[in-house]
Protein chains: 4
Amino acid sequence: MNDSVDALPRAGRPRSEQARRAVLEAVDDLLVDVGYAAMTMKGIAERAGVGRQTVYRWWATKAEILIEACVEDAEEELSVKPRTDPEHDLLAYLTALSGFLTSSPAGIAYRALLGEAQHDPAVRDLVRAADPLAPSARRVLDRIRPATPGLPDEPLATAQLIGPVLSHALIAAEPLNTATLRRHAVGLLTAWR
Amino acid sequence: MNDSVDALPRAGRPRSEQARRAVLEAVDDLLVDVGYAAMTMKGIAERAGVGRQTVYRWWATKAEILIEACVEDAEEELSVKPRTDPEHDLLAYLTALSGFLTSSPAGIAYRALLGEAQHDPAVRDLVRAADPLAPSARRVLDRIRPATPGLPDEPLATAQLIGPVLSHALIAAEPLNTATLRRHAVGLLTAWR
Amino acid sequence: MNDSVDALPRAGRPRSEQARRAVLEAVDDLLVDVGYAAMTMKGIAERAGVGRQTVYRWWATKAEILIEACVEDAEEELSVKPRTDPEHDLLAYLTALSGFLTSSPAGIAYRALLGEAQHDPAVRDLVRAADPLAPSARRVLDRIRPATPGLPDEPLATAQLIGPVLSHALIAAEPLNTATLRRHAVGLLTAWR
Amino acid sequence: MNDSVDALPRAGRPRSEQARRAVLEAVDDLLVDVGYAAMTMKGIAERAGVGRQTVYRWWATKAEILIEACVEDAEEELSVKPRTDPEHDLLAYLTALSGFLTSSPAGIAYRALLGEAQHDPAVRDLVRAADPLAPSARRVLDRIRPATPGLPDEPLATAQLIGPVLSHALIAAEPLNTATLRRHAVGLLTAWR
DNA sequence: ATTTAACCGAGACGGTACGTCTTGTCTTATA
DNA sequence: TATAAGACAAGACGTACCGTCTCGGTTAAAT
């Protein structure tokens, strides 16, 4: 990619970066203030101080805005620094994941999007394409692979790693406690060695 | 509770069982035909050939109707007959669960409700109260407990059992294949023995 | 007519006469306050304290509302009491007509409708069907007919009677003065005797 | 004013005559194709292949464009060559006027403008200032004045002459037939001799 | 057998978000 | 400086659904 070079100067007024930022921030604010269901395109435009047409020009649905607003944050919040032994490595990741899904604005946005994906196939495709959890999970699994010869192929390894944490977050909207997460990490290593 | 005994025959016209059935069936039909998002209280009433007030009199939201429409089916579809050895017992359950979540109308309804629960705390509470998955999971776990001394306490055991299958269904809307499910069952037994 | 007998009681909540009156009065007010061009369906609904759907349910355009609001008034304001001699009869009518077109709210509404009719054939048809000026003109002409054997057939007689007054109102938005109106009446009688 | 002499060559790019012509022609076309109400500044710019700002730079409203587009045509189409006797002179003029108002693009534009003038005082002032009908009417009246000692002062004479034709065109959007026009001419001469 | 009360359908009510359209202004690169 | 292109904030458009209300009519238990 080399957008700055390829970008030929198009005719007409260029897109306002200020308006783009205002919309993304408005979505973040509204998700926290009123929740996903009560968030409307009209409300987003008003909160952002932006015309409604400007929102519709660049995003078709609130899900599209939300996914753009949270992907970067997700990647950053789930990048845990490597530990020396596999158990601590897994535990650090599972802790970050559990906190992300239950406390972080980006994680709450992810849950909302995954919820909307159950209602709307278009949102499902967006979420699968963006896939905010998989990269970080894959990195952890790659790190522990030398110590886990029984590690299954995808998608099972990732599902076994994040599935229990994600499901609990979706059903209970609460984090699993640290002892439980450690127990889960140990169980995975037992199964995978 | 003992509704059938306490229920003193009130004055006035009794509730129409016919209207109740029509609404529940309309919800099932509409979920398949147009999806959860496009399903409206107005549409449900029209499809059921019922006044809108009649719907609102008995259910506050479409989620309430949907949960009433699917809970019984869920319990039935996830009740697998016991197998003699733990691996086959787990595999039978995981297969039923995976099919339920991706193919069964009741399972699709459950996913829709779990999705809505991410947007609306009231729906979350409804889903947690009804809890269509946990009883069947608990029964399987109880059966294999003698052979799995390392079985963790709740909620981890259930989360490890159903989490990977549920997460995959929610993200991909596709079942895990049989080989993967068997691999998962074997992994669980390895971790839990 | 016998609406009260013919009117079969339809199912459902009956139309609210209160809402109907509120809309018609809001239109009258707004025409005076902001003018026809700045009058919007949204504004009418808000001024009337009525839902927008309620307006659209009964009227397709603001022109339809306006015509319903002014037809009755027009008929009443243009009914002048007969005079004994033709000249005074004509003069009384021309004076009423000139004042109606330039001062009366109903007359201003009529001018607005006739203006809109130049832009929209549907409005033209509405105005022609309602035809607020013709009945009163016809009554005056019928009264003076015995004294005016040279009275032309329709539509010329009416056009000669009201055309000069109407045209002046449309172009100048001012009434013709009394002397001019008398001169016009005398001219008509000279031509028609 | 003497634009052609005083106009010192201003700095910068001069106004594009091509763009001006394109706009005026687009307005004529659109009035016929879609009508006055559906004609928008945006649509005019697009039909003319011209930037929207260019339209707004030179005209404030579509009425201003329309009046510039039609005044000259009106003057030309209503200039009938003198006849020897007053009746034929009047009839020729009335026939031209009736056709102009109901068939000519410039006449349809005039009716649209007179319609808009009922909604917008600014347009009324524009129309009165341009006054496309009065000059031609005055010329005819001046020609027949020697034969009509009873010709009233303005504005009655003009109103009596054109009012019936104009009113009928505005209300019915159809021309008066030749016999009726002749009857009107005769009536005027009877009243005015 | 009548009364009574809650049910039923239909559909209008005030309200509000939808996604589209046009308004008049502005900000680009180009001529 | 004028131009074509096109993004901008604002706000009306007509439609859909929300949850409530008000009708006429039905049904079955209680009088």
Side-chain angles (χ1 to χ4, degrees), chain A residues 8-20 22 38-46 48-58 60-62, chain B residues 8-16 18-19 22 38-46 48-58 60-62, chain C residues 8-16 18-20 22 38-46 48-58 60-62, chain D residues 10-16 18-19 38-46 48-58 60-62:
Chain A
L8 37 147
R10 305 259 292 94
R13 183 175 178 174
R15 178 174 183 182
S16 162
E17 178 62 18
Q18 181 183 328
R20 180 178 161 272
M39 198 168 73
T40 67
M41 293 294 261
K42 184 171 186 284
I44 293 165
E46 284 170 1
V50 143
R52 296 170 63 188
Q53 186 72 81
T54 299
V55 180
Y56 282 107
R57 181 153 34 229
W58 302 110
T61 63
K62 58 181 177 177
Chain B
L8 36 147
R10 311 255 286 92
R13 182 177 180 174
R15 178 174 183 184
S16 162
Q18 181 182 328
M39 198 167 75
T40 67
M41 293 295 261
K42 184 170 186 284
I44 293 165
E46 285 170 0
V50 142
R52 296 171 61 189
Q53 189 70 73
T54 300
V55 180
Y56 282 109
R57 183 151 32 226
W58 301 109
T61 63
K62 59 181 177 176
Chain C
L8 39 146
R10 304 260 294 96
R13 184 175 178 173
R15 178 173 183 182
S16 162
Q18 181 182 328
R20 179 179 163 271
M39 197 167 74
T40 66
M41 292 294 260
K42 184 172 187 283
I44 293 165
E46 285 170 0
V50 143
R52 296 172 61 187
Q53 187 72 77
T54 298
V55 180
Y56 283 108
R57 187 159 19 236
W58 302 110
T61 63
K62 58 181 178 178
Chain D
R10 312 256 282 94
R13 183 174 176 174
R15 178 175 182 183
S16 161
Q18 181 183 328
M39 200 167 73
T40 66
M41 293 295 262
K42 183 171 187 283
I44 293 166
E46 284 170 0
V50 142
R52 296 170 60 190
Q53 190 67 67
T54 299
V55 179
Y56 281 108
R57 184 148 34 226
W58 302 110
T61 64
K62 59 181 177 177

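Just so it is clear: chains get the letters A, B, ... in the order the sequence lines come, proteins before strands, and each one is counted from 1.
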Quiz item: Does T54(C) place a side-chain N or O at less than 4.0 Å from the phosphate oxygens OP1/OP2 of dA12(E)?
Solution: no
Quiz item: How many Å lie between CD on Q18(A) and C1' on dT27(E), as a whole number?
Solution: 13 Å
Quiz item: At under 4.0 Å between heavy atoms, what does G43(C) touch on the DNA or RNA strands: base, sugar-phosphate, or nothing?
Solution: nothing
Quiz item: Taking only side-chain nitrogens and oxygens of R15(A), does any of them come within less than 4.0 Å of OP1 or OP2 of dC8(F)?
Solution: no
Exercise. Of all the heavy-atom pairs spanning A60(A) and M41(A), show the shortest one and how long it is.
Key: O-CE, 3.8 Å
Exercise. Measure from NZ or CZ of R20(A) to the centre of the six-membered ring of W58(A) and say whether it is under 6.0 Å with the direction within 45° of the ring axis.
Key: no
Practice problem: On DNA chain F, check which nucleotide each of E46(C) and P14(C) is closest to and give me the residue with the more 5' one. | Solution: E46(C)
Quiz prompt | Protein-nucleotide distance (R20(A), atom CZ; dA9(F), atom P), rounded to Å | solution = 15 Å
Exercise. Measure the distance from OH on Y56(A) to P on dA17(E) and round it to the nearest whole Å.
Key: 11 Å
Quiz item: For DNA chain E, whose closest nucleotide is more 5', that of S16(B) or that of T61(A)?
Solution: S16(B)
Exercise. To the nearest 0.5 angstrom, please state how far the OG1 atom of T40(A) sits from the CD atom of E46(A).
Key: 7.0 Å
Quiz item: Atom CD of E17(A) and atom C1' of dC8(F): how far apart are they, to the nearest Å?
Solution: 15 Å
Self-check item: Euclidean distance, atom NZ of residue K42(B) to atom C1' of dA12(E) [Å, nearest integer]
Solution: 12 Å
Quiz item: Between dA16(F) atom C1' and I44(B) atom CD1, what is the distance in whole Å?
Solution: 15 Å
Practice problem: Between W58(C) and R13(A), just flag the one whose closest nucleotide in DNA chain E comes earlier from the 5' side. | Solution: W58(C)
Practice problem: Kindly indicate whether the side chain of R52(C) and the base of dG14(F) share any N or O donor-acceptor pair separated by less than 3.5 Å? | Solution: yes
Practice problem: Rounded to the nearest angstrom, tell me the gap between atom CE in M41(A) and atom C1' in dG11(F). | Solution: 17 Å
Practice problem: Report the distance from atom CZ of R57(D) to atom P of dT25(E), rounded to the nearest whole Å. | Solution: 12 Å
Quiz prompt | Q53(B) (side chain) and dC8(E) (base): donor-acceptor pair under 3.5 Å | solution = no
Self-check item: Heavy-atom closest contact (M39(D) atom, K62(D) atom, distance)
Solution: O-NZ, 2.9 Å
